[in-house]
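Notes follow once the structure below has been shown.
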Protein chains: 2
Amino acid sequence: MNRLKKYASSTDVARLAGVSQSAVSRTYKPGASVSEETRAKVLAAAQQLDYRPSMIPRIMLTHRSNLVAIVIGGMYNPFYSVVLEQFTIRLQAAGWQVLLLHVDSGHSFDAVIPRLASYRVDAIVSALAVLAPESAAELARFRIPTISFNTPVKNEWLSSVCCDNWGAARTAVDLFLARGARSFGYIAGPAGSPANEERLGGFRERLRELGHPDPIVIGGHFRYEGGYASALQMCRGPDRPDAIFCANDLVAIGAIDALRKELRLDVPGDVMIAGFDDIPAAGYAGYDLTTFVHDGKRMVDESLKILAAATASPPEPHEARIVVPAILIERGTTAPRP
Amino acid sequence: MNRLKKYASSTDVARLAGVSQSAVSRTYKPGASVSEETRAKVLAAAQQLDYRPSMIPRIMLTHRSNLVAIVIGGMYNPFYSVVLEQFTIRLQAAGWQVLLLHVDSGHSFDAVIPRLASYRVDAIVSALAVLAPESAAELARFRIPTISFNTPVKNEWLSSVCCDNWGAARTAVDLFLARGARSFGYIAGPAGSPANEERLGGFRERLRELGHPDPIVIGGHFRYEGGYASALQMCRGPDRPDAIFCANDLVAIGAIDALRKELRLDVPGDVMIAGFDDIPAAGYAGYDLTTFVHDGKRMVDESLKILAAATASPPEPHEARIVVPAILIERGTTAPRP
DNA sequence: TTGTAGGCGTTATCAC
DNA sequence: GTGATAACGCCTACAA
């Protein structure tokens, strides 16, 4: 066995300080009864040995690791990097440590579950575009409280915090109509993504409600390149729509660039565009994109409430499904035609 | 003590399977000698109890946690989100687990060191704009191998992997001159950032070498808004430069938007712009920004080599300071004037 | 206020 | 091939 001992132990400190190991332990426990004299001896010895108490034995004794796993599936979308950052900051402030895991797709989630379990994480946050129901079931077997970010699955151990995609998409219809649009397109994200399906669903529903024809639908990615290609395809012919709702901001920005640079169309003069997320680039003067605020901070907030309740002892019940509204931000890409 | 035992232990499995605890342990150790019969009994019992071997006692015995801490200081810059993602993917593939820490500034690094130490991380990756030398010294006290990403500090426990900012900045001068520019500006990042200082240093050095006047320098942030404001200030008057080198792409994009939208100037016709990093937005048709590839993948690669050597037993010596070249990508913002 | 002793869940070593 | 047994570093009764 590898006996490369790098850290001093409390026993080492105790020996050097001429006290018992428990005295060392008590020195580092807030509110324990240690005399000033003992404490001073311990701290001096600890300083000399660069001693730091280890969390590891504590995990064994308490069955709590203080570790929260964040499982993420791609950070090309700035929305998710912001969410990851927010989660990290907030969890750290609450005394948790973050174990970061990356998975390629919903299915490879299963592959990392054993790793999570072997580190005895106290909770899991899944920030994936797609969380497969089978993975959710597999998770439940380990009885680890889990929060699904943006995928509305749930079971006894799994809560979800989502954005009101459906409602926002309905609002997009009303906005486009108020601005004079009469024909519509939707540039879609990947099939199987609940966010994409809800956004399309709400958009189509509201159009039907008001007696308008269904939108043209093209797409399949949440990326800039996808929006670029789809917009070209959708607007090249004579029957191009007046207004396009995009699955997210990256797609919308791709669409804007394609329309302006390739087709020499004016946005919003020829075609109006709206996106979803309100990533930083949506606010850049070059795009000035109308979009819906995907309120990551608020969602992280709600997630932490659930997490705190679920990891309390005894666990308190808490809302298992939270839906946060998405606020419309009207910018230049849906400006009224002069 | 909180006796909320959530996971089955090897002892539980052994009891159910009717074998010894050691037999269970051996079943999960690759290449250990267990009969097929015993293995089957163990696996059946384990399945029934949802048993997963715990890493925690192993850490105590081996003094290795298999944990690598990544310390990050802000992910507003897409370059850093990509780097974080790359690190995570690569470390995971190599069998490590990632502990993610966020710090606000170079100084708050010190506050997280005890946390790292208490989890007995095997190595640390610091991906900060600024790593204070005092923090580096503090780190060394714990004898944890550390890699400093983009900050060229070093000591016995600290290696660095940086980008050739200086050389790239010199190349920017040559490019601008070849395209006909005769007066120059530099929109700066934050003071104290080595990357910013090297980029300015190389830019100024090469201009002097060739007998050109020093650039106008304005700035102070690595963000879009900073670039926007600085470009306005720099180009509003009559003595605006022909070409501006920006501390990074976010700043460059802000500058482009300010010049085009606020000052009605043409880029590159009136002012040429070059950035640094090659973030995705630099390639968007709306910006088409000339820039230098900040090769995150390659840098992660080099980091992992150092890490592997430093955590090997016995530790192998390895290059302590790596500099990766930054390749020029010429796009529209420095296109020759027609 | 202090020290002693037992145990947390593994791995490694040793007889059998 | 198998089962005891001793660590690992800490926390927590309990006794002094």
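On a predicted model such as this, the values are computed, not experimentally measured, just so you know. Residue numbering restarts at 1 for every chain, and letters A, B, ... go by the order of the sequence lines.
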Taking all non-hydrogen atoms of both residues, which atom of [X] and which atom of [Y] are closest, and how far apart?
{"X": "A:Leu100", "Y": "B:Gln92", "value": "O-OE1, 4.2 Å"}
{"X": "A:Leu101", "Y": "A:Ala69", "value": "CD2-CB, 4.3 Å"}
{"X": "A:Ala46", "Y": "A:Tyr28", "value": "CB-OH, 3.1 Å"}

Taking the side chain of [X] as its heavy atoms from C-beta onward, which of [options] lies nearest to it?
{"X": "A:Val34", "options": "C:dT2, D:dC10, D:dG3", "value": "C:dT2"}
{"X": "A:Ser33", "options": "D:dT2, D:dC11, C:dT1", "value": "C:dT1"}
{"X": "A:His63", "options": "C:dC8, D:dC10, C:dT10", "value": "C:dC8"}
{"X": "A:Ser9", "options": "C:dT11, C:dT2, D:dC10", "value": "D:dC10"}
{"X": "A:Ser54", "options": "C:dT1, D:dG9, C:dT11", "value": "D:dG9"}
{"X": "B:Leu61", "options": "D:dG3, D:dC8, C:dG3", "value": "D:dC8"}
{"X": "B:Ser10", "options": "C:dG9, C:dT2, D:dT12", "value": "C:dG9"}
{"X": "B:Tyr51", "options": "C:dG9, C:dT10, D:dC10", "value": "C:dT10"}

If the cut-off is 4.0 Å, is [X] near the phosphate of [N], judged by side-chain N/O to OP1 or OP2?
{"X": "A:Arg120", "N": "C:dT10", "value": "yes"}
{"X": "B:Lys29", "N": "C:dA12", "value": "yes"}
{"X": "B:Arg58", "N": "C:dT11", "value": "yes"}
{"X": "A:Thr11", "N": "D:dG9", "value": "no"}
{"X": "B:Ser20", "N": "D:dA4", "value": "no"}

In this structure, how many angstroms lie between the [atom2] atom of [N] and the [atom1] atom of [X], rounded?
{"X": "A:Arg64", "N": "D:dC11", "atom1": "CZ", "atom2": "C1'", "value": "16 Å"}
{"X": "B:Glu36", "N": "D:dT2", "atom1": "CD", "atom2": "P", "value": "10 Å"}
{"X": "A:Ile59", "N": "D:dC8", "atom1": "CD1", "atom2": "C1'", "value": "14 Å"}
{"X": "A:Arg26", "N": "D:dG9", "atom1": "CZ", "atom2": "C1'", "value": "16 Å"}
{"X": "A:Tyr28", "N": "D:dG9", "atom1": "OH", "atom2": "P", "value": "16 Å"}
{"X": "A:Lys41", "N": "C:dG3", "atom1": "NZ", "atom2": "P", "value": "7 Å"}
{"X": "A:Met55", "N": "D:dG9", "atom1": "CE", "atom2": "P", "value": "16 Å"}
{"X": "B:Gln21", "N": "C:dT13", "atom1": "CD", "atom2": "P", "value": "15 Å"}

Practice task
Test A:Leu84 against every option in B:Glu85, B:Met75, B:His102 by the side-chain contact (heavy atoms from CB on, under 4.5 Å) rule and name the one that passes.
Solution key: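 For A:Leu84, the side-chain contact (heavy atoms from CB on, under 4.5 Å) check succeeds only for B:Met75.
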Problem - Test log, rule side chain to side chain donor-acceptor pair (under 3.5 Å), inputs B:Gln21 and B:Thr11 - result: CA-CA 5 Å; B:Gln21 185 275 331; B:Thr11 312; 5.4 Å; no
Exercise for the section: Record whether the side chain of B:Arg39 comes under 3.5 Å of the base of D:dG1 through a donor-acceptor pair of N or O atoms. Expected result: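 No.
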Handout entry: Base D:dA4 paired with B:Ser22 side chain (donor-acceptor, <3.5 Å)
Key =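 For B:Ser22, whose side chain was compared with the base of D:dA4, there is a donor-acceptor pair (under 3.5 Å).
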Exercise for the section: Select from B:Ala32 and A:Val24 the residue whose nearest nucleotide in DNA chain D is closer to the 5' end of that strand. Expected result: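 It is B:Ala32, whose closest nucleotide lies nearer the 5' terminus.
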Practice task
Identify whether NZ of Lys or CZ of Arg in B:Arg52 sits under 6.0 Å from the centre of the six-membered ring of A:Phe142 and within 45° of that ring's axis.
Solution key: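 Negative - B:Arg52 is either too far from the ring of A:Phe142 or too far off its axis.
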